[in-house]
Structures are given as C-alpha cells and as structure tokens.
Asks: 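So that we are looking at the same thing, I have put the structure below in structure tokens.
Values below: all heavy atoms of this structure, side chains included; hydrogens, waters and symmetry mates excluded. What you see is a predicted model, and the numbers here were worked out from it, not measured in a lab. First the proteins, then the strands, lettered A, B, ... as listed; each starts at 1.
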Amino acid sequence: MNDSTNKTAGVRVRFAPSPTGYLHVGGARTALFNWLFARRHRGVMILRIEDTDAERNKPELVQGIIDGLKWLGVDWDEGPFYQSQRTELYRAAAKKCVANGNAFLCYCPADKYAGGDYAEPDQPGRDEEPKGGGPRRLTRCTCRDGKPSTPGAKPAIRFKVPIGGTTKITDAVFGESEFSNDEIEDFVLLRSGKGDEEFGQSMYQLGVVVDDIDMRVTHVIRGADHISNTPKQVLLYLALGATPPVFAHVPLILGADKSRLSKRHGATDVNMYRAEGFLPEAFRNFLALLGWSPGGDEEFIRTKDLIAKFSLEGVSRTNAVFDRPKLEWFNTQYLQRLAIEDLLPEVENELKRSGLWKPEWAAGAAPGPDGRDHAWFARTVDLLRPRIRLLPDFSTWARAFFSDEFMRDPAAKEKFWKDPKVPELLAKLAEALGNLKEWNHDACDHATRAVAEAGGVKAGLLINATRVAIVGQAVAPPLFDTMVVLGRQRVVRRLYDAVAAVAKA
RNA sequence: GGCGAUAUCGUCUAAGGGUUAGGACGUAGCCCUCUCAAGGCUAAAAUCCGGGUUCGAAUCCCGGUAUCGCUGCCA
C-alpha cells in the first residue's frame with residue numbers, strides 16, 4: 001500500500017467540518033480517525049471550519065460541532081481556523097493560477113451549468129433530481145480560450161484542466177487509481193464577486209488545497225465521498241507548485257438499510273448520543289471499530305490502546321452500517337468495566353441534571369444527616385451499574401436509591417403483591433428488621449428468610465414482594481445488598497408504607 | 001447516463017493462495033438465580049454470480065450484477 005506509517009516525523013492532520021449542520025456520526029468518526037492518527041504519531045491535530053458558502057452556513061452551528069468533539073474527547077492542537085477569514089489567501093492563490101496559465105476567468109452566468117434543484121441533504125427530493133439523465137454539465141468551458149460568453153459580467157475563476165492525459169491518485173487505504181482528465185470539468189476556484197467585490201469566496205477545492213498547503217498538512221484523512229474530488233485537488237497542488245499529501249479515504253457509514261445515513265435512520269447527531277446518556281469512551285470505541293480493525297479479535301479497546309493500535313493499514317474499504325444495538329452493548333460494557341472513580345463523575349452529572357444530586361455525596365464532603373457520604377454514593381453506583389444501560393437510568397430506574405420520592409410500578413405490584421399474605425409478611429419483616437442487632441447483608445438475609453419460613457411461604461415470594469415495597473420495581477439489584485445501601489430506617493419505613501398502600505388498594 | 005470505488009454470517013469484522021472460513025453484536029436454548037441484568041456454555045448463521053490462472057482461490061485476473069460515491073459559483 002503505502003509507507004505512510006513510516007513517515008511519522010511531523011505528522012499533521014486536520015478535521016475540516018462545514019457548519020451546515022450538527023456533528024454527524026460520520027464526521028465524528030472521521031474526526032476520531034484523524035485524532036487517533038495524530039496521537040499515535042505524536043503529530044498535530046488541526047480543526048478547520050470550512051464556511052465558505054455564506055448561503056448555507058450557520059455560524060451558530062459551529063458551537064454544536066465543537067461541543068460534540070469535546071464530548072467525544074477529540075481535541076486539537078491548532079485552530080479552529082475559519083476559512084471565511086482567509087479569503088485573501090484563496091484569492092491570491094486563484095490569481096496565481098490565472099497568472100501561470102492554470103486557470104482562467106469565466107464569464108458564464110452562475111447558474112448556467114447547475115445540475116438542478118439541490119434540496120437539503122435530508123430532504124426527500126435530493127436523491128431524485130440530479131440522478132441519471134440530468135442535464136449534461138460542461139467539462140470544458142469556452143471562456144478558457146478567451147471567449148467570454150457574457151462580456152461585462154463579473155467573472156469567476158475556473159481551473160484549466162489539462163486536455164487529454166490522466167491524473168493518478170495514491171491512497172493509503174484504496175491504493176492507486178487513475179482518472180481521465182477529460183472526465184474532470186473545469187471546476188470553479190473562486191466565486192464571482194457580488195456588489196463591488198472583485199471576486200467572491202473560495203470554492204471547496206481551492207480552500208482545502210490552499211489551506212492544507214498553508215497548514216502543512218501531511219495526511220488528509222477524510223470520507224470516501226471525497227475520492228472523486230481528489231484528482232482535482234492533485235491538479236491544484238501541482239498548479240500551485242506543491243507536493244500532494246498522503247490521502248487516506250475512509251469508508252462511509254450507512255444506515256440499517258445500507259443507504260447513506262440520514263435522519264430517518266434515527267439519531268445521526270453526536271450530541272443526541274450524549275443527551276441519551278452514552279459514555280463518551282464507549283461511543284469512541286464503537287465508532288473506532290466502524291471501518292477500522294486492529295486485526296485481531298479484541299473489541300473492547302480502551303482509548304489509550306486505540307491510539308497505540310491505530311493505523312491506516314487497518315482501515316477497511318467497505319462502507320459500514322451503523323449498528324445501534326452494538327453501540328448499546330459497548331455502553332453497558334463500559335458501565336460495568338470502567339474504574340468506579342471514572343464512572344462517578346458521569347453519574348454525578350446525570351443526577352445533577354435530574355435534580356436528585358445531594359452535595360454531601362461529593363468526594364471529600366461531610367456526610368449528610370442520614371449518614372450518606374461519598375463512600376455510600378460510590379457503593380450504591382457500584383451496586384447499580386450492572387443493570388444500567390444508559391446514564392439517565394440512574395435517575396429513572398434507580399430513582400428510589402437517591403430519593404424518597406418514588407412511585408411503585410403498578411405492574412410490579414400486580415406481579416409480586418398478588419398473594420394475600422403479603423401485607424402481613426411485610427409488616428412482620430419490618431418488625432424483624434427493626435429489631436436486628438446488626439445491619440448487614442447476612443443479617444437481613446437471615447431475618448427475611450426466617451419471616452418467610454414462619455409465614456409458610458417460599459423466601460422468593462417475600463423477597464420479590466419486599467423489592468417492590470422498598471424500591472418500587474420488579475427489577476433491582478439483589479435484595480439484601482439493596483437493603484444495606486438504603487439503610488435500616490428507609491427500609492423499615494418503606495415496608496410499613498407498603499403495608500398501608502396494599503390496604504388502601 | 002458518464003466516471004470512480006466496493007462486495008465474507010442479519011450487522012461490525014478476522015483470515016492478504018493451503019484454516020472444520022475465526023471473533024463480536026443480535027437471535028435461540030441451557031446453566032447460574034430472590035427479580036432483571038451481567039457472566040458461563042451451546043446452536044443456527046457468510047465468502048454476490050459466472051468464467052479463468054493455479055496442484056490448490058474468500059484471497060490473483062476478466063466479465064456480469066448489486067451497492068456506494070462524484071458528476072454544483074455545496075462541502
């Protein structure tokens with residue numbers, strides 16, 4: 001393939017999103033690959049905002065992209081640079097191309113060759129209009145021979161693509177491919193000026209190349225949708241007297257139906273996964289394995305190992321389907337396997353968000369009036385975590401552990417309070433627990449089983465009924481661990497409360 | 001339509017001429033068990049089709065098909 005991994009000295013990569021939307025999972029994956037590559041080679045990661053289309057860009061979206069990257073843990077060493085602030089650089093480069101005969105002034109009307117009505121990416125019309133059979137666009141503009149079609153109009157600058165011959169591109173993941181120059185149109189470098197401007201903003205092809213040269217980018221790692229653009233860019237590098245970087249195109253991420261991932265496939269905005277309560281490291285691990293493999297059988301790969309193992313050679317050439325169930329599996333794995341001190345801050349944030357957090361649970365804080373402190377918090381989270389799927393479950397599913405205001409699930413009552421002996425048993429248990437000399441797992445265990453036996457029922461019946469009584473749910477951690485963590489007072493109180501609740505019903 | 005690329009279980013992928021084609025998610029069953037998870041075990045499940053090359057092809061070559069991308073004064 002390529003000796004890209006040998007050229008590790010001075011690796012410089014960039015992630016270059018366009019603020020026309022939120023941070024898409026595809027973009028996030030591209031950002032992650034760039035970041036892993038940079039960190040792997042102790043190189044430099046650059047963030048560049050490609051906002052040269054005033055019509056479509058929304059500056060307020062930049063913050064969302066940055067938030068998404070930060071959540072993902074992808075940081076950068078240089079930037080963010082904004083292309084909208086670098087206009088002069090592009091104009092100078094375009095003029096240089098005109099001067100050295102590689103570009104020309106084009107006076108054609110701006111919409112002369114437009115392929116049709118381009119709707120927003122996620123709207124239905126998009127894929128239908130410009131498909132096959134559409135209007136044939138130009139490859140060679142007549143203006144290149146100095147024959148302006150509309151003299152007097154403001155010109156754009158177009159690249160003068162060589163007639164005949166081929167342009168070869170080398171890609172670290174796709175290998176070599178060759179494009180016939182006659183298939184490459186005379187693409188626009190610089191938009192025509194509006195008002196009293198001589199020229200407008202740069203087009204994509206010019207902007208990337210000028211910036212990648214200026215920022216000394218060594219490896220261009222980006223989505224495979226740019227493969228077809230690459231020959232144009234190679235031509236531009238040559239015209240500007242520069243050496244092309246190593247290109248590494250990464251396969252696209254598709255939806256479950258194997259079509260391009262879009263909103264109708266569900267969440268595509270990275271920030272939605274944060275909002276849903278996925279752990280960033282789990283998301284990162286999942287994303288890293290979409291289109292890349294370390295070669296072996298490992299799947300649970302911590303970030304530092306991701307960095308150590310990442311290489312362009314391991315990048316696949318086939319598009320990958322975004323498989324949400326697997327993402328969820330990664331999340332539960334991380335929820336269970338993370339060091340407890342790494343998980344605690346995430347849970348703290350979640351409880352703060354839902355208003356259940358108490359300051360005495362913070363590290364180093366004095367215990368609250370009920371004796372609960374940071375150690376209690378850690379024990380409780382540890383007890384809860386095997387059953388948690390997403391962070392918000394701590395606030396909803398596990399609410400009874402953090403608050404005395406909780407509801408008992410009607411279905412759970414229906415299932416485990418059916419037996420007419422339940423109220424009497426719960427009352428007896430409350431009494432027995434109240435008299436316990438010690439409050440620990442085994443003491444609770446013995447007391448509970450004794451009450452069940454005395455009442456002539458199987459222990460399981462009482463245990464399940466008690467679970468519903470003290471946490472309100474059919475599903476919770478093992479009962480006696482739950483009792484210990486809740487504390488005697490709460491357990492006894494909730495048991496009597498349950499007896500009353502049954503009586504009322 | 002043209003050009004480019006890709007094709008291994010439903011999904012993510014390993015195997016870069018010789019393996020019973022491996023692992024993971026999901027699915028099904030069993031074990032564990034106070035619920036539900038987790039965990040353990042087991043099962044079903046793939047080399048797009050057709051030609052070559054070769055003693056031998058998932059792997060190399062050609063054709064077909066399918067899919068994806070590009071084909072904008074979008075990025």
Asks: In whole Å, measure the gap between the C1' atoms of B:U8 and B:G23 for me.
Replies: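 Per the computed distance, 13 Å lies between those C1' atoms.
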Asks: Determine the Euclidean distance between corresponding C1' atoms of B:G2 and B:C49; express it in Å to zero decimal places.
Replies: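 One C1' to the other, the span is 25 Å.
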Asks: With sugar-phosphate meaning primed atoms plus P, OP1 and OP2, does A:Tyr204 contact a base, only sugar-phosphate, or nothing at under 4.0 Å between heavy atoms?
Replies: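 Result for A:Tyr204 = base.
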Asks: What pair of heavy atoms forms the shortest contact from A:Val13 to A:Val217, and how long is it?
Replies: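 Residues A:Val13 and A:Val217, closest heavy atoms: CA-CG1, 4.4 Å.
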Asks: B:U59 pairs with which nucleotide, Watson-Crick or G-U wobble, both distances below 3.5 Å?
Replies: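 Its partner is none (no Watson-Crick or G-U wobble pair with both distances under 3.5 Å).
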Asks: Could you tell me whether A:Arg449 and A:Asp445 have a side-chain N and a carboxylate O separated by less than 4.0 Å?
Replies: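 Salt bridge: yes.
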Asks: For A:Phe159 and B:C73, what is the distance between atoms CZ and P respectively, to the nearest whole Å?
Replies: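 Rounded to whole Å, this separation is 16 Å.
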Asks: Is B:A38 paired to anything, Watson-Crick or G-U wobble with both distances less than 3.5 Å, and if yes, which nucleotide?
Replies: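 Partner of B:A38: none found under 3.5 Å.
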Asks: Please determine whether a side-chain nitrogen or oxygen atom of A:Lys258 lies at a distance below 4.0 Å from atom OP1 or OP2 of B:U11.
Replies: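 Affirmative; the distance criterion is met.
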Asks: Which whole-number value in Å describes the distance from A:Trp329 CH2 to B:A37 P?
Replies: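 Nearest whole value for this atom pair: 17 Å.
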Asks: What integer distance in Å separates A:Phe174:CZ from B:C70:C1'?
Replies: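 Answer to the nearest Å: 13 Å.
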Asks: Between B:C41 and B:A7, how many Å separate the two P atoms, rounded to a whole number?
Replies: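 B:C41 and B:A7 have their P atoms separated by 33 Å.
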Asks: Taking a pair as Watson-Crick or G-U wobble with both distances under 3.5 Å, which nucleotide is matched to B:C25?
Replies: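 When the pairing criteria are applied, B:G10 turns out to be the nucleotide that pairs with B:C25.
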Asks: Regarding A:Arg86 and A:Asp214, does a basic nitrogen lie under 4.0 Å from an acidic carboxylate oxygen?
Replies: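 A salt bridge links A:Arg86 with A:Asp214.
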Asks: Summarise protein proximity over nucleotides 27-34 of chain B in one line of letters, 5' to 3': B for base, S for sugar-phosphate only, - for none, counting protein heavy atoms closer than 4.0 Å.
Replies: -------B
Asks: Please confirm whether any donor atom in the side chain of A:Ser192 sits under 3.5 Å from an acceptor in the base of B:C73, or the reverse.
Replies: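 When only heavy-atom distances are counted, A:Ser192 does reach the base of B:C73 through a donor-acceptor pair under 3.5 Å.
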Asks: Compare side-chain N and O positions of A:Arg191 against OP1 and OP2 of B:A75 and report whether any pair is under 4.0 Å apart.
Replies: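 Yes, because at least one side-chain N or O of A:Arg191 sits under 4.0 Å from OP1 or OP2 of B:A75.
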Asks: Please give the distance between the C1' atoms of B:A43 and B:G26 as a whole number of Å.
Replies: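 Nearest-Å result for B:A43 against B:G26 at atom C1': 14 Å.
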Asks: Is A:Glu328 salt-bridged to A:Arg324, cutoff N-O under 4.0 Å?
Replies: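 Yes, A:Glu328 and A:Arg324 are salt-bridged.
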Asks: After noting the C-alpha distance and the side-chain angles of A:Arg467 and A:Thr482, does the key distance pass the side chain to side chain donor-acceptor pair (under 3.5 Å) rule?
Replies: CA-CA 9 Å; A:Arg467 177 177 294 109; A:Thr482 298; 6.0 Å; no
Asks: According to the interplanar angle, ranging from 0 to 90°, do the rings of A:Tyr334 and A:Phe330 count as parallel (below 30°), tilted (30 to 60°) or perpendicular (above 60°)?
Replies: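 Correct class here is tilted.
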Asks: Which nucleotide sits closest to the side chain of A:Lys326: B:C36, B:U71, B:C25?
Replies: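 That would be B:C25.
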Asks: Within residues 379-401 of chain A, which residues have any heavy atom lying less than 4.0 Å from an atom of RNA chain B?
Replies: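 Residues of residues 379-401 of chain A under 4.0 Å from RNA chain B: A:Pro386, A:Arg387.
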Asks: What orientation do A:His24 and A:Tyr22 show, parallel under 30°, tilted 30 to 60°, or perpendicular over 60°?
Replies: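 It falls in the parallel class, under 30°.
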Asks: For A:Asn229, report the nucleic acid contact type (base, sugar-phosphate, nothing); a contact means any heavy atom under 4.0 Å.
Replies: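 Base: the residue A:Asn229, judged by heavy atoms under 4.0 Å, touches a nucleobase.
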Asks: For B:A75 and A:Thr52 - does any side-chain N or O of the residue sit under 4.0 Å from the phosphate oxygens OP1/OP2?
Replies: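 Yes, within the criterion.
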Asks: In whole Å, measure the gap between the P atoms of B:U59 and B:U53 for me.
Replies: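 Pairwise P distance, B:U59 against B:U53, rounds to 15 Å.
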Asks: Phosphate oxygens OP1/OP2 of B:U71: is one of them under 4.0 Å from a side-chain N or O of A:Gln205?
Replies: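 No, because none of the side-chain N or O atoms of A:Gln205 sits under 4.0 Å from OP1 or OP2 of B:U71.
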Asks: Could you pull out the protein-nucleic contacts involving nucleotides 61-66 of chain B (nitrogen or oxygen on both sides, under 3.5 Å)?
Replies:
none

Asks: May I ask you to evaluate whether A:Arg158 reaches the phosphate of B:C73, defined as a side-chain N or O under 4.0 Å from OP1 or OP2?
Replies: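 The answer is yes; a side-chain N or O of A:Arg158 sits under 4.0 Å from OP1 or OP2.
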Asks: Return the pairing partner of B:U20 with a 3.5 Å limit on both distances, Watson-Crick or G-U wobble; otherwise return none.
Replies: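 Base partner found: none.
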Asks: Roughly, in whole Å, what's the span from CD1 in A:Ile227 to C1' in B:A5?
Replies: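 One finds 6 Å between C1' of B:A5 and CD1 of A:Ile227, rounded.
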Asks: What residue among A:Lys154, A:Arg91, A:Lys95 forms side chain to side chain donor-acceptor pair (under 3.5 Å) with A:Glu198?
Replies: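 Among A:Lys154, A:Arg91, A:Lys95, the one meeting side chain to side chain donor-acceptor pair (under 3.5 Å) with A:Glu198 is A:Lys95.
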Asks: B:U13 P sits how many Å from A:Phe322 CZ, rounded?
Replies: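 Rounding to the nearest Å, CZ of A:Phe322 and P of B:U13 are 13 Å apart.
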Asks: Taking atom P of B:A75 as reference, at what distance in whole Å does atom CZ of A:Phe187 sit?
Replies: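 In whole Å, B:A75 P lies 13 Å from A:Phe187 CZ.
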Asks: Expressed as a whole number of Å, how far does the C1' atom of B:G29 sit from that of B:C61?
Replies: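 The same atom, C1', in both gives a distance of 46 Å.
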Asks: More than 12 heavy atoms of other residues, nucleotides or ligands under 6.0 Å from CD of A:Glu414: yes or no?
Replies: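 Result for CD/A:Glu414: open.
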Asks: Are the charged groups of A:Asp257 and A:Arg264 less than 4.0 angstrom apart, N to O?
Replies: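 Yes, this pair counts.
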Asks: Could you tell me how far B:G72 sits from B:A15 if I compare only their P atoms? Round to whole Å.
Replies: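 After rounding to an integer number of Å, I get 38 Å for this pair.
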Asks: Taking only Lys NZ, Arg NE, NH1 and NH2, and the carboxylate oxygens of Asp or Glu, determine whether A:Glu176 and A:Lys168 approach each other closer than 4.0 Å.
Replies: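 The answer is no: the pair does not qualify as a salt bridge.
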Asks: Can you check the A:Leu254 CG to B:A7 P distance for me, whole Å?
Replies: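 Interatomic distance, CG of A:Leu254 to P of B:A7: 14 Å.
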Asks: At 4.0 Å (heavy atoms only), tell me whether A:Gln333 reaches a base, stays on the sugar-phosphate, or touches nothing.
Replies: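 Result for A:Gln333 = sugar-phosphate.
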Asks: Using the P atom on both, measure B:A21 against B:C70 and round to a whole Å.
Replies: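 Nearest-Å result for B:A21 against B:C70 at atom P: 39 Å.
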Asks: Whole-Å distance between B:G69 P and A:Arg222 CZ?
Replies: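 To the nearest whole Å, that distance equals 16 Å.
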Asks: Testing A:Trp292, A:Tyr273, A:Phe322, A:Phe300 one by one against A:Phe286 for a ring pair (Phe, Tyr, Trp, His ring centres under 6.0 Å), which residue passes?
Replies: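 Exactly one candidate clears the test, A:Phe322.
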Asks: Is a salt bridge present between A:Arg140 and A:Glu185, judged by a nitrogen-to-oxygen distance below 4.0 Å?
Replies: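 A:Glu185 and A:Arg140: not salt-bridged.
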Asks: For RNA chain B, find the residues of residues 290-301 of chain A with a heavy-atom distance under 4.0 Å and give them by number; none if there aren't any.
Replies: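 Residues of residues 290-301 of chain A that come under 4.0 Å of RNA chain B are, in numerical order, A:Leu290, A:Gly291, A:Ser293, A:Gly295, A:Asp297, A:Glu299.
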Asks: Where does the angle between the aromatic ring planes of A:Phe159 and A:Phe187 fall among parallel (under 30°), tilted (30 to 60°) and perpendicular (over 60°)?
Replies: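 A:Phe159 vs A:Phe187 ring planes: parallel.
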Asks: Suppose we screen for salt bridge (charged side-chain N to carboxylate O under 4.0 Å, His left out). Which residues come up paired with A:Arg222, at least two apart in sequence or across chains?
Replies: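 A:Arg222 satisfies salt bridge (charged side-chain N to carboxylate O under 4.0 Å, His left out) with no other residue.
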Asks: Side chain of A:Asn319: nearest nucleotide among B:U71, B:U35, B:C68?
Replies: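 The listed nucleotide nearest to A:Asn319's side chain is B:C68.
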Asks: To the nearest 0.5 angstrom, please state how far the CZ atom of A:Phe394 sits from the CD atom of A:Glu346.
Replies: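 Interatomic distance, A:Phe394 CZ to A:Glu346 CD, rounded to 0.5 Å: 10.0 Å.
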Asks: Does A:Asn57 contact B:A75 through a side-chain donor or acceptor facing the base, at a distance under 3.5 Å?
Replies: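 Donor-acceptor pair under 3.5 Å: no.
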Asks: Could you work out, with side-chain contact (heavy atoms from CB on, under 4.5 Å) as the rule, every residue matching A:Asn57, not counting sequence neighbours?
Replies: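 side-chain contact (heavy atoms from CB on, under 4.5 Å) list for A:Asn57, sorted by chain: A:Ser18, A:Pro19, A:Thr20, A:Asp51, A:Asp53.
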